[in-house]
Amino acid sequence: MEETSIIISGFGGQGTLFAGQVLAYASMEHGLEVTWIPSYGPEMRGGTAHCTVIVSEEPIGSPLVRNPDVVLALNLPSVDKYEDIIKENGVLVANSSLFNRQITRQEINSLLIPANKIAEEIGMSRLGNMIMVGAMLAMKPILPLDVVKKSLEEHIPERHK
Amino acid sequence: MEETSIIISGFGGQGTLFAGQVLAYASMEHGLEVTWIPSYGPEMRGGTAHCTVIVSEEPIGSPLVRNPDVVLALNLPSVDKYEDIIKENGVLVANSSLFNRQITRQEINSLLIPANKIAEEIGMSRLGNMIMVGAMLAMKPILPLDVVKKSLEEHIPERHK
Amino acid sequence: MAVTGWIVVDDLYCKGCGLCIEACPQEVLVLDKERLTPKGYHPAKMTQETCTGCGICAVVCPDAAITVYREKPEKVARR
Amino acid sequence: MAVTGWIVVDDLYCKGCGLCIEACPQEVLVLDKERLTPKGYHPAKMTQETCTGCGICAVVCPDAAITVYREKPEKVARR
Amino acid sequence: MAKELLKGNHAFAEAAIRAGVEAFYGYPITPSTEFLEYMSARLPELGRAFVQAESEVSAINMVYGAACTGKRVMTASSSPGISLMMEGISYIAGTEVPAVVVNVMRGGPGLGNIAPSQGDYYQMIKGGGHGDYFPIVLAPASVQEAIDYISLAFDLADKYRALVHVVVDGNMGQMMEPAELPPLREIPDKVPDWAVSGAKDRDPNILTSIYIDPVDEEVTNLRLLKRWKEIEKNEVIYKEYEVEDAEVLVIGFGTAGRVASSAVREAREAGIKAGLLRPITLAPFPADRLRELADRVKRILVVEMNSGMMLDDVLRLVKGKVPVEFYGRMGGMTPLPDEIYGEIRRVAENKGPGAQDPREDWIPRLEKVIAGEK
Amino acid sequence: MAKELLKGNHAFAEAAIRAGVEAFYGYPITPSTEFLEYMSARLPELGRAFVQAESEVSAINMVYGAACTGKRVMTASSSPGISLMMEGISYIAGTEVPAVVVNVMRGGPGLGNIAPSQGDYYQMIKGGGHGDYFPIVLAPASVQEAIDYISLAFDLADKYRALVHVVVDGNMGQMMEPAELPPLREIPDKVPDWAVSGAKDRDPNILTSIYIDPVDEEVTNLRLLKRWKEIEKNEVIYKEYEVEDAEVLVIGFGTAGRVASSAVREAREAGIKAGLLRPITLAPFPADRLRELADRVKRILVVEMNSGMMLDDVLRLVKGKVPVEFYGRMGGMTPLPDEIYGEIRRVAENKGPGAQDPREDWIPRLEKVIAGEK
Amino acid sequence: MVATTELIYQRPESFTDVHTHYCPGCTHGVAHRLIAEVLDEMGLRENTIGVAPVGCSVFAYRYFKMDFVEAAHGRAPAMATGIKRVLPNNTVFTYQGDGDLASIGMAEIMHAAARGENISVIFINNAIYGMTGGQMAPTTLPGMKTTSSPLGRDVELAGYPIRMSEIISNLDGAGYVVRRSLHNPANIRKAKKAIRLAFETQQRGLGFSMVELLSSCPTNWKLSAQEALDFIAEKMVPVFPLGDYKVHPTLESLKV
Amino acid sequence: MVATTELIYQRPESFTDVHTHYCPGCTHGVAHRLIAEVLDEMGLRENTIGVAPVGCSVFAYRYFKMDFVEAAHGRAPAMATGIKRVLPNNTVFTYQGDGDLASIGMAEIMHAAARGENISVIFINNAIYGMTGGQMAPTTLPGMKTTSSPLGRDVELAGYPIRMSEIISNLDGAGYVVRRSLHNPANIRKAKKAIRLAFETQQRGLGFSMVELLSSCPTNWKLSAQEALDFIAEKMVPVFPLGDYKVHPTLESLKV
Ligand SMILES: Cc1ncc(C[n+]2csc(CCOP(=O)(O)OP(=O)(O)O)c2C)c(N)n1
Ligand SMILES: Cc1ncc(C[n+]2csc(CCOP(=O)(O)OP(=O)(O)O)c2C)c(N)n1
Ligand code: SF4
Ligand code: SF4
Ligand code: SF4
Ligand code: SF4
C-alpha cells in the first residue's frame with residue numbers, strides 16, 4: 001500500500017482532531033508510518049478545525065498535502081472547502097446531517113451519511129466522527145476495522161464512555 | 001607641518017581632558033584638522049584620566065595612537081605609563097610637583113616643571129594643566145601661544161575664572 | 001395603560017450566549033432553537049408581549065446585538 | 001580609672017572620606033595631611049588619648065578600614 | 001522502549017526531562033505553549049523546578065541563574081518571545097554557562113502569526129544578541145529527531161559550557177508521530193567545579209560576563225572563538241538522501257528539508273538525479289561537506305520557510321562553483337512536495353548562470369505561486 | 001554655518017534635532033548616554049517630546065507608538081540595550097512605520113565593557129529580531145559624517161516607511177572633531193495618510209504587525225522584500241581611497257575603516273598599492289562595487305572590530321575570485337594604524353591561496369599581537 | 001391618543017459592523033461596548049487613538065470605528081506614552097488583559113502610572129490567559145486549575161494573585177484607579193460610569209487613569225456564560241474587592 | 001592590676017582584602033559591610049550565593065568572600081529565582097540600585113515578591129543613577145537636578161518618585177519589607193538589624209524579603225561625604241519614610 005493522505009474537517013466541537021488521532025494510533029499499532037497534524041491556534045477563534053493524517057509504509061516526508069486522497073467533511077463549510085481539492089478518484093465522506101446539497105464532482109467517490117442521526121440512534125451522539133471514519137474505511141480499507149475499534153476504545157476520553 | 005599626536009594624562013581632577021580640549025579648539029581656530037578623544041567611562045572609577053589629541057594639516061585617519069609625539073604627564077602614574085611609549089625624539093612634559101624621579105629615556109626631549117607650584121605662585125592653582133600646555137608649546141610650537149591663550153579664555157568654565 | 005416595549009436581535013452579532021435571557025426581569029426571552037444565524041448560533045428572541053423596554057438585556061449583551069424600543073402614550077397636540 | 005580605647009586605620013582601605021571624623025563623639029580623629037595612602041588618600045588617624053573605644057567610627061566607615069580596641073581593667077585571679 | 005504516538009511539544013519536553021533537565025523557566029506563547037504546559041505538570045511531580053515567569057525576559061534570566069549552578073536548565077518559546085531573550089542569551093554566552101533554548105518558530109516579523117516558519121534563522125544562527133558569541137544550533141525534522149537532539153543539546157551545552165539552540169517550526173511542535181523516548185537519566189549529583197553552590201572549603205566562584213578591561217574581554221572573545229572552531233571540527237551533523245550521483249542538490253533544514261525529501265523521491269522516480277542535504281547542525285554548518293558536494297553537483301536549490309537566510313551561508317561556501325537557486329515560502333506558509341518537485345524539475349533543466357542574488361529570480365516565481373493559490 | 005568642535009554624541013543628537021526629530025525616548029547606557037542627556041536638555045526647550053523610559057524595552061515601544069503617528073522619532077542606546085529592543089524593532093519593521101535607532105556599540109557579549117566595538121554587526125544588519133525584515137544600516141566614520149547621515153537616516157526612514165539603524169562605536173560617540181551642523185529644519189505639519197491621528201473625516205487607520213492568515217503575512221513579507229530590493233538599487237553609499245590601481249583592497253567600516261585609511265596612506269608612502277573600500281551603508285551593502293573591485297585587485301583584507309562579521313558578507317560576494325584575509329580586534333580594542341599597516345604589508349607579500357575561513361590564519365596572528373602588547 | 005416609539009438602546013456609533021471573534025458570553029464584549037458608549041457620549045470617537053494588546057482582544061481594532069494601533073505583548077502603556085507625548089490633544093487609551101498588564105507588562109504599566117501619563121487604561125482581569133488557551137495569570141485565584149497549573153495554583157510555588165488597582169493607587173502619578181465588575185447589570189452600569197470618569201480624567205489632564213474590570217472567560221474557565229458571571233461574583237470579587245482606590249479630588253465633584 | 005585588650009570591631013570575615021572602587025564616603029560601602037557582618041554572625045558565608053546588579057555595585061563580587069553571579073541590569077531577582085529554585089538550601093540575595101530595581105527591573109522585583117521567592121533583596125536607594133554618571137532615577141526627588149533632568153525633575157513630564165517598599169508590601173508573597181537609612185550610626189545599626197531579619201526571613205522560608213536602604217551618592221549629588229548624609233536626613237527621609245511596611249508575624253516574636 002502506498003501513502004494515503006486523509007483530511008478530517010468540521011466544527012470545533014465535532015471531534016475531528018480526535019478522529020484523526022484514532023486513525024493515527026491505529027496505523028501505528030498496525031505497524032505503519034503515520035503523521036498527524038492539526039490546524040492549531042486558539043480554539044476560541046471558533047470556525048472549523050481540521051487535521052491531516054498521512055499513513056504509509058515508508059518514512060513520511062511531508063506531513064502536509066495539497067490534494068488529499070481522502071476527506072471526511074463533518075460540516076458544510078468543510079465540504080465546500082475540500083470538495084474541489086480532493087485527488088482524482090479520491091474519497092469524500094460527508095456528514096449529511098448538517099446539510100443537504102449534492103456533491104458536484106463526479107470523478108471522486110463520495111458518500112453522504114447522516115452521521116449525527118446514526119450516532120444518536122445508536123445512543124452515542126458524540127461519536128458522529130467515528131461513524132464517518134467507519135464509513136471511510138468501508139470505502140478505502142487502509143486499516144482493519146478492528147484495529148481502529150481497538151484504538152478508539154483505548155484512547156476515548158473517560159467522559160465520553 | 002605633519003601630524004602631531006599628543007596624550008595628556010593625570011588624576012581625575014587635574015583637568016587633563018580640558019587641557020586637551022583647549023588645544024583642540026585652538027587647532028580648529030588655527031585652521032588645522034584635529035581630533036580629541038578621552039578615556040571614557042564612569043569617573044567614579046577614579047584613577048587616571050587621559051585624552052589623545054591629534055593635530056594635522058590633512059584629514060585625520062586614526063584618532064588614536066600607539067606612540068605619541070608628545071605626552072603631558074600630570075602625575076607619576078602617567079609618567080610611568082607613557083615614558084616608554086613616546087615616539088623617538090618625542091616630547092615628554094612632566095609635572096614635577098607630584099613626584100621626584102628622573103626621566104630615564106635619554107633620546108626623548110623631556111622637561112620637568114613644578115606645574116602646581118607655578119600655578120599657585122601665579123594664583124591660579126587650578127591651571128597647572130595649562131602651565132604644562134604652555135611649556136609643551138615652548139618645546140614644540142605646533143600652535144601660536146596667543147591662539148591657545150584665546151581658546152583658553154573662551155572655553156574656561158565660569159567657576160574657574 | 002402599561003408602557004410596552006420590544007427588542008430586535010441582530011443575527012449578525014448574536015452568539016446565543018443566553019445572558020440576556022437570564023437577565024430579563026420579565027423573562028420574555030428564549031433562544032430560537034428553530035433558527036441558526038449565519039455564524040451557526042441559535043439567536044435570542046422574544047416570546048411574550050410583556051417586555052417593558054427596560055433595556056437590561058442590552059446592558060448585559062456582550063455583542064451589542066440588541067436594539068430596544070418602547071412605546072409611549074402621548075397627547076395629540078391641538079391645532 | 002577611665003576605660004580607654006584606640007583604633008587602627010588600615011591604609012589599604014581608608015579613602016579619607018572623613019565620615020569617622022564627623023561621627024567620633026570624642027572628636028579624636030583627623031585626616032593625616034602628612035601621609036598619602038597607596039591609593040593617594042590622606043587617611044584618618046587618632047590625635048588624642050581620649051578614645052573610648054565606642055566603635056562608632058567603625059560603624060560609619062564605608063570601607064571597613066577601622067579596627068577598634070579597648071583596654072579593660074581586671075582583677076588578678078587569686079591562686 | 002516501544003514507540004508511542006507523541007505530540008511534538010510534549011515529546012520535546014519529555015525528552016528534556018529524560019535527559020535530566022532540572023529546571024524549566026518559560027512563558028506561554030503559541031505554538032510552543034504545550035511545552036510549558038507539559039513541564040508544569042511533570043516537573044513538580046518529579047520534584048524539579050518549574051516557574052511560569054512573568055515574561056521571556058525574566059525567563060531567560062532565571063535560566064541564566066540556574067545555568068550558573070551547573071544544573072541542566074532550559075526554556076522554550078517562539079519568535080517574539082525569543083527576541084525578548086536576546087540580552088539574556090548574550091549574557092549566558094558571555095558568562096560561558098551551559099543552557100538550552102528551544103525556539104518553535106512562527107511567522108513574523110512583529111506579532112505576525114502562529115503558523116510554522118523558519119524566519120528566525122539569522123536571529124538564532126548569527127546571534128540576535130549583541131557581541132561576538134557562537135551558539136550551537138540544532139534543527140531536527142521529525143519528532144524522533146527532536147527527541148534525540150534535545151538530549152544531545154544538553155550534552156553539548158555541558159561539554160562546551162555553551163549555549164545550544166534547538167530550532168523547530170510550528171509544524172514540528174504541533175504534529176504527532178510515532179517515536180521512542182530514551183530512559184530517564186540519573187541526575188549526576190556532582191557539581192561542576194566552576195559552578196556556584198556556596199564557597200565551602202574552596203575559593204569563591206564568580207560567574208560574570210563583565211570584562212571591564214578590553215584586553216581581558218578580547219582574551220575572552222578569543223577563547224569563545226577558539227572553542228567555536230573546536231565545535232566546528234567536532235560536532236557537525238547532517239542527513240543526506242541520494243546525493244551520491246546527484247546533479248541537482250537540494251538543501252533544506254527542518255520541515256522544509258523534510259518536505260523536500262518527498263520531492264526528491266518524486267524527482268528520482270521521474271528520472272531526475274536529485275539529492276538532498278539536510279543540515280541538522282545549522283551551526284556549526286556542514287561546510288566541508290557542502291564544499292565537497294559543490295564540486296560534484298551541477299546545480300543547487302536551497303529551500304527554506306523564509307526569505308533566504310541559510311541561502312547566504314550556502315552562497316558563501318559554494319563560492320560560485322555552481323549556480324545556486326532559491327525557493328522559499330514565508331509568513332507561516334509551508335511549501336508542499338509538488339511545489340518543490342516543480343522547482344527541482346525547473347532547476348534540472350535550467351542551464352543559465354543564475355542570478356547574483358538567487359532571490360531575484362525567485363520573487364516573480366513566488367508571486368505566480370501566490371496568485372495561483374488564490 | 002561655521003565649523004564647531006563637537007562631541008560625537010552631542011553632535012548626533014543635535015543633528016537629529018536639526019533634522020526635525022519630534023520625540024526621543026531612551027534609557028541611559030555608556031557609551032551613548034550623552035546622547036540622551038543632550039536630548040533631555042534640548043527637546044523640552046523646543047517643546048518636543050523627551051522621555052527617559054524605564055527600560056530599553058519600554059523605550060523602543062514608545063518609539064513604536066510615536067512612529068505610528070508619522071512624526072520623526074528615534075532612540076539611541078548601546079549593545080545590551082539594543083538587544084532588549086529586538087522585539088520592538090521587529091514590530092516596527094513588521095508594521096512598516098519609520099524610525100531611527102542609533103547604536104553606539106561597546107564590547108560584548110553580555111555586560112562586557114564600555115569600550116568601542118563593532119561586535120553588533122550581525123545583530124544590526126542580519127536582523128537580531130525575529131522574522132524576515134531588512135533594516136537600513138548606516139555606519140559613519142567621523143562626527144561630520146554622523147551628522148550628515150543621521151539626517152539622511154530620517155529621510156530614508158520616511159521614504160521607505162523603514163527602520164534605519166545608525167551604528168557607530170564608542171570612539172565616535174566620545175570623540176570631539178570640528179564639524180558643521182545643518183540649519184534647523186521646519187517640521188512639516190502634514191500628517192502622512194497612513195498615520196494615526198484620530199479618524200476625523202476619514203476611515204480609521206489601523207497599524208499592526210499581525211497577519212493571522214499566513215497568506216496575508218507572506219504577501220507582507222514579499223512587499224518588505226521587494227521594497228528592500230528597491231533600497232538595494234537606490235541607496236548604496238560608500239567611500240573609497242586609492243582603489244584605482246589597488247592590488248591590496250582593504251575593507252572596513254566606521255572607526256576600523258577610518259583607522260585603515262591612515263594605514264593605507266602609510267602603505268602607499270611605502271610603495272604598496274593599497275586601497276580602501278569603506279562601506280557607509282552596511283545594509284544595503286555595496287555589493288556591485290565590491291564585485292567590480294574583486295575582479296581587479298589581487299587580494300582583499302577585511303578589518304573589523306569584531307571576530308569577522310562583515311567578513312562573511314565579503315566572502316559571499318567575492319565568491320573566491322581573490323583570496324580574502326581578515327584582521328580584527330575584539331572586546332573593545334581599537335586597531336591602530338601600525339597594526340593594519342603591518343597587515344597590509346603581510347597581505348601584499350602573501351601569495352598563498354588563503355584559508356577557507358580567513359579567521360583561521362588570523363587567530364594565531366592575533367594571539368601574537370596580544371602577547372606582544374602585554 | 002397616538003403613541004410614539006422611543007429608541008431605548010442601540011448599538012454604539014463607535015462600533016464597526018463586524019461580528020467579534022470572542023467566545024459566546026465573554027464579557028470582553030461588554031467592556032468593548034461600554035467604551036464605545038462612553039466615547040459616543042463624550043463625542044471623542046474622531047479624536048481617539050486606541051492601543052490594542054496581545055491577548056484575546058488583539059483584534060479590538062476591528063470592532064472600534066477609530067484609529068488603532070496594535071502593541072507588543074505588555075507594552076501598550078509604553079506605546080500609548082509614545083503616542084500621547086507627540087499628540088497631547090488626542091484621546092489615547094489602552095485595552096489590556098491581565099497577562100498583558102500584570103505579568104509581562106508590569107514595568108510598563110507601573111511607570112506609565114508613576115509618570116502620570118495622561119492616558120486611560122481599561123484593564124480586563126479574567127484571572128487567566130485566554131488567547132493562548134487558559135494558562136495561569138498573575139491574577140489566577142489560589143487553587144484555581146489552569147493549563148499551566150493543572151493541580152490548581154499552588155501559592156507556595158506559583159505565588160499569590162496580584163491586585164493591580166491597590167498597587168497602582170500607591171503611585172502619585174495616578175489620577176483615577178478603580179475596580180469594577182461586569183457580572184450583572186448593576187455592576188455593568190457602575191463600570192460604564194468608571195470608564196466615563198477615566199476618560200474625563202484624561203480630558204482634564206489629571207494624570208493616569210485605569211479601570212480594572214473583573215471579566216469572564218467561560219471557555220477557559222470551562223463554565224457556561226452565566227456560570228462564569230456567577231464565578232466572578234462568588235469567587236473573584238472576594239479576592240479582588242470592588243471599589244475606588246484613587247480618585248483625584250477634582251473628579252469627586254464631577255457629575256456624570 | 002593587669003589590663004586585657006578587647007577587640008571591639010574588626011573587618012568582617014565575609015569580606016575579601018580588596019580596596020573597593022566606590023567613591024570616598026559612598027554608603028554603598030556601609031551597606032556591603034552590614035551584609036558581611038550579618039552573614040558572619042549567622043555563619044552563612046559558605047552557604048550564600050550573591051547576585052550583583054549592574055550599577056556602581058557591579059563589582060560587589062570582588063568584595064564579598066563568597067560565591068557570586070553578575071546579573072543583567074534589573075534582572076537580579078529573576079536570576080536569584082533561577083538559582084534558589086534549584087538550590088533551595090542555599091542563601092541567595094540580590095544587591096540592587098534604584099535604577100536597577102525600580103526602573104528597568106520593576107517587573108522582576110514585583111513578581112519575585114508576588115511569588116514569595118525565598119530570597120533577600122538589599123535595595124540601595126540613592127535617588128540617582130550612579131554608575132552611568134548621575135541620570136534621573138525613578139526615586140529622584142521632585143525638582144532634583146540630574147544629568148537627564150538638568151533643570152530639576154519636572155514631575156509633570158518625568159513623573160513622581162516611586163516608593164518601592166510601600167508598593168511591594170501590597171504583595172502577599174512578601175514576608176519582610178522595610179525601609180532604613182545609612183545616614184548616621186543609629187540608623188546604620190537599625191539597618192543592620194533589618195538586614196539580619198531579612199536573612200532570618202529567608203532562613204525560615206517566610207517568603208520574599210527586602211530592605212530598602214537610603215544611601216548616598218556624594219559624587220553625583222555633588223556634595224561632600226558628610227553633606228550627602230545630611231541630604232539623606234533632610235531631603236530623602238521626608239519623601240521615603242523610614243519604617244516597617246510588612247513584617248511576617250513569626251518575625252515579630254524574633255529576638256536578634
Ligand atoms: C512576547 C510574547 N510573549 C507571549 C505571547 C503569547 N501570548 C499572547 S496573548 C498572551 C496572554 C493573554 O492573556 P491576557 O493578557 O490575560 O489576555 P486575555 O487573552 O485573557 O484576554 C500570551 C502569553 C506573545 N504574543 N508575545
Ligand atoms: C540593559 C542595560 N541598560 C542600561 C545599562 C547602563 N547602566 C548601567 S548601571 C545603570 C543604572 C545604575 O543606577 P542604579 O541602579 O541606581 O545603581 P547605582 O549606580 O546608583 O548604584 C545603567 C542605566 C546597562 N548596563 N544595561
Ligand atoms: S570613614 Fe573610613 S574611609 Fe572614611 S576616613 Fe574614616 S577610616 Fe577612612
Ligand atoms: S572608637 Fe569611638 S571614641 Fe574612639 S575613635 Fe572611634 S568613635 Fe572616636
Ligand atoms: S478565550 Fe476567554 S477571554 Fe478569550 S474570547 Fe474566549 S471567553 Fe473571552
Ligand atoms: S557614583 Fe555615587 S553611588 Fe557610585 S560609587 Fe560613587 S558615590 Fe557611590
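Chain naming here is simple, since letters A, B, ... match the order of the sequence lines and numbering starts at 1 in each. Since this is a predicted model, take the numbers as computed values, not measurements. For the numbers below, each heavy atom of this structure counts, side chains included, while hydrogens, waters and symmetry mates do not.
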| chain E contacts, top residue of H:Ile49, H:Leu44, H:Thr81 (heavy-atom pairs, under 4.5 Å) | H:Ile49
| request: Among the options E:Ser58, E:Pro204, E:Ala53, pick out the one with the most heavy-atom pairs lying under 4.5 Å from chain H. | output: E:Pro204
| Top contributor to chain E interface from H:His73, H:Glu108, H:Met79 [non-hydrogen pairs under 4.5 Å] | H:Met79
| Within-4.5 Å side-chain heavy-atom neighbours: E:Tyr25 and H:Arg85 | yes
| From E:Asp203 CG over to H:Lys65 NZ, what is the distance, rounded to the nearest 0.5 angstrom? | 9.5 Å
| query | Is it the side chain or the backbone of H:Ala71 that comes within 4.5 Å of chain E heavy atoms, both, or neither? | reply | backbone
| query | Of E:Ile210, E:Ile212, E:Thr208, which is the lone residue that meets side chain to side chain contact (heavy atoms under 4.5 Å, CB included) with H:Val58? | reply | E:Ile210
| field | Side chains of E:Glu87 and H:Arg75 in contact at under 4.5 Å (non-hydrogen atoms) | value | yes
| request: Check the pair E:Arg202 / H:Asp67 against salt bridge (charged side-chain N to carboxylate O under 4.0 Å, His left out), numbers first and verdict last. | output: CA-CA 10 Å; E:Arg202 61 161 171 78; H:Asp67 280 5; 2.6 Å; yes
| task | Please name the pair of heavy atoms, one in H:Ile83 and one in E:Gly65, separated by the smallest distance, quoted to 0.1 Å. | result | CG1-O, 3.3 Å
| query | chain H heavy atoms under 4.5 Å from E:Ser90: which part of the residue, side chain, backbone, both or neither? | reply | neither
| message | Counting heavy-atom pairs under 4.5 Å with chain E, which one of H:Asn47, H:Leu87, H:Asn89 comes out on top? | response | H:Leu87
| Just wondering, more than 12 heavy atoms not from E:Glu45 lying within 6.0 Å of its CD? | yes
| request: Tell me, for H:Val92 versus chain E, whether the close heavy atoms (under 4.5 Å) come from the side chain, the backbone, both or neither. | output: neither
| request: May I ask you to name which of E:Ser209, E:Ser197, E:Ala195 has the most heavy-atom pairs under 4.5 Å with chain H? | output: E:Ser197
| said: Nearest 0.5 angstrom please: H:Arg115 CZ to E:Gln52 CD, how far? | reply: 10.5 Å
| By a 4.5 Å heavy-atom criterion (distance strictly below it), what part of E:Val196 contacts chain H: side chain, backbone, both, or neither? | both
| task | May I ask you to test the E:Ile206-H:Glu70 pair for a side-chain heavy-atom distance under 4.5 Å? | result | no
| Closest non-hydrogen atom pair, H:Gly82 against E:Ala66 | O-CB, 3.5 Å
| task | Find the distance between CD (E:Glu54) and NE2 (H:His111) and round it off to the nearest 0.5 Å. | result | 5.0 Å
| Under 4.5 Å from any heavy atom of chain H - which part of E:Tyr64 | both
